[in-house]
Amino acid sequence: SKLRNAGYTAIARFCGISDLSANPDHLIRSILYEANISCPVESIELHRRISELFAKISGVIIMDAIDQMQDGLELLDWLPRPLPNSLKLIISLKEDASTKRVIEEKRKEKSAVVISMSGLQREEERIHFIDTYLERYLKHLDSTQIHAICSSDGSSNPLFLKVLLYEIRSFGAFQQLDQQIKRFGNTPLDAFEALLE
């Protein structure tokens, strides 16, 4: 709230989870709406005036998983360049065959800082993640249980860890906790299936 009181805006959008984040046009409109900036009705006019409209925002806009939107990568082409000094954009997308070309172009342009993230590769990172997450709920696992989680192939994926830890933090039978941990398998998909069971 201190940031908002200082006129600094922080807007986050998680692409593909609602109608307003399902395509680039709706996404931009929802961002401008939250920033209290009126925008043109016509999409062509919105694209033409995007630099002018974004210049009115002072703060940070986060757009997560733009590759999950239909035509999401096209959004990168019509975002303003250069950005106004008062605005920072943080955009995430999965690096795969369909996005590799776009990511390489952005690296060469040097109009953006491109950071590749590879998950939790070191066991110390995984242990820290587990301890920090459970600490918030005044919970703790013993070293054997932590090792069992960290030795799973899925433990390098933060989403896998978060799903598993979310479930075991409220599991009441400590004697059966080791079996419960094994139920979550080795991938985020395994973890979600165990969650749904």
Side-chain angles (χ1 to χ4, degrees), residues 3 9-18 20-22 24 27 30-31 34 59-70 72-73 75-76 79 88-104 106-107 112-174 176-197:
L3 293 175
T9 304
I11 300 172
R13 289 294 179 271
F14 303 95
C15 301
I17 63 169
S18 74
L20 292 179
S21 66
L27 179 77
S30 73
I31 289 169
E34 186 171 334
V60 175
I61 298 172
I62 301 167
M63 291 183 260
D64 181 49
I66 64 165
D67 56 303
Q68 298 297 308
M69 289 188 294
Q70 180 181 356
L73 297 179
L75 174 68
L76 297 173
L79 286 173
K88 300 292 180 215
L89 288 178
I90 300 173
I91 299 173
S92 75
L93 60 143
K94 183 178 181 180
E95 190 169 354
D96 60 17
S98 65
T99 62
K100 196 168 187 74
R101 180 191 56 77
V102 172
I103 292 169
E104 289 308 314
K106 296 302 166 197
R107 278 194 175 106
V113 176
V114 178
I115 301 170
S116 293
M117 299 181 72
S118 58
L120 305 170
Q121 298 303 313
R122 296 187 338 250
E123 186 170 355
E124 303 85 55
E125 293 173 316
R126 298 172 195 181
I127 293 169
H128 179 71
F129 186 101
I130 292 166
D131 288 341
T132 303
Y133 182 88
L134 292 175
E135 236 173 49
R136 294 187 318 195
Y137 303 99
L138 304 173
K139 303 284 183 179
H140 181 74
L141 295 175
D142 66 31
S143 60
T144 306
Q145 293 159 336
I146 289 174
H147 179 71
I149 294 171
C150 289
S151 64
S152 165
D153 293 340
S155 66
S156 65
N157 185 313
L159 179 59
F160 171 85
L161 284 178
K162 192 166 183 181
V163 170
L164 185 148
L165 296 171
Y166 176 82
E167 279 300 296
I168 65 171
R169 74 179 169 86
S170 59
F171 188 70
F174 188 79
Q176 297 169 355
L177 191 55
D178 294 340
Q179 292 169 324
Q180 181 73 355
I181 290 169
K182 288 177 187 172
R183 280 188 52 238
F184 284 83
N186 287 313
T187 67
L189 186 58
D190 293 341
F192 277 115
E193 285 176 359
L195 174 72
L196 292 174
E197 282 178 19

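Just so we're clear, the structure is a prediction, and the values are computed from it rather than from any experiment.
Rounding to the nearest 0.5 Å gives a distance of 16.0 Å between NZ of Lys139 and CD1 of Ile130. The CD1 atom of Ile11 sits 12.5 Å away from atom CD1 of Ile90, with the distance rounded to the nearest 0.5 Å.
Scored by the ring pair (Phe, Tyr, Trp, His ring centres under 6.0 Å) test, Phe129 finds no partners at all (sequence neighbours excluded).
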>> I'd like to know whether Ile149 forms a side chain to side chain contact (heavy atoms under 4.5 Å, CB included) with Ile168, so could you lay out the CA-CA distance, the side-chain angles of the two residues, the decisive distance to 0.1 Å, and finally the verdict.
In response: CA-CA 11 Å; Ile149 294 171; Ile168 65 171; 4.2 Å; yes
>> With side chain to side chain contact (heavy atoms under 4.5 Å, CB included) as the criterion, how do Cys150 and Ile127 come out once you've worked through the C-alpha distance, each side chain's angles and the decisive distance to 0.1 Å?
In response: CA-CA 7 Å; Cys150 289; Ile127 293 169; 3.8 Å; yes
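The backbone N or O of Asp142 lies less than 3.5 Å from a partner atom in the side chain of Gln145, making a donor-acceptor pair. Counting only distance, with no hydrogens or angles, the side chain of Glu125 and the backbone of Gln121 share a donor-acceptor pair below 3.5 Å. Formation of a donor-acceptor pair under 3.5 Å by the Arg169 side chain with backbone atoms of Tyr137 is not found in this model.
In terms of heavy-atom proximity, Leu164 sits nearest to Ile181 at CD1-O, 4.1 Å. Taking all atoms of both residues into account, the shortest heavy-atom contact from Asn186 to Ser152 is OD1-OG, 2.9 Å. Across all non-hydrogen atoms, the minimal contact from Phe160 to Gly185 is CZ-O, 3.4 Å. Nearest heavy atoms, Leu161 versus Ser155: CD1-O, 3.3 Å. Closest heavy-atom contact between Arg126 and Ser156: NH2-CB, 3.5 Å.
Side-chain atoms of Asp131 and Leu134, non-hydrogen and from C-beta on, never get closer than 4.5 Å to each other. Under the 4.5 Å side-chain criterion, counting only non-hydrogen atoms from C-beta, Glu167 is not in contact with Arg183.
A donor-acceptor pair shorter than 3.5 Å can be found between the side chains of Arg13 and Ser30.
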Donor-acceptor contacts, no H, no angles, side chain residues 60-69, under 3.5 Å, sequence neighbours left out:
from	atom 1	to	atom 2	distance (Å)
Asp64	OD1	Ser92	OG	2.4
Asp67	OD1	Lys94	N	3.2

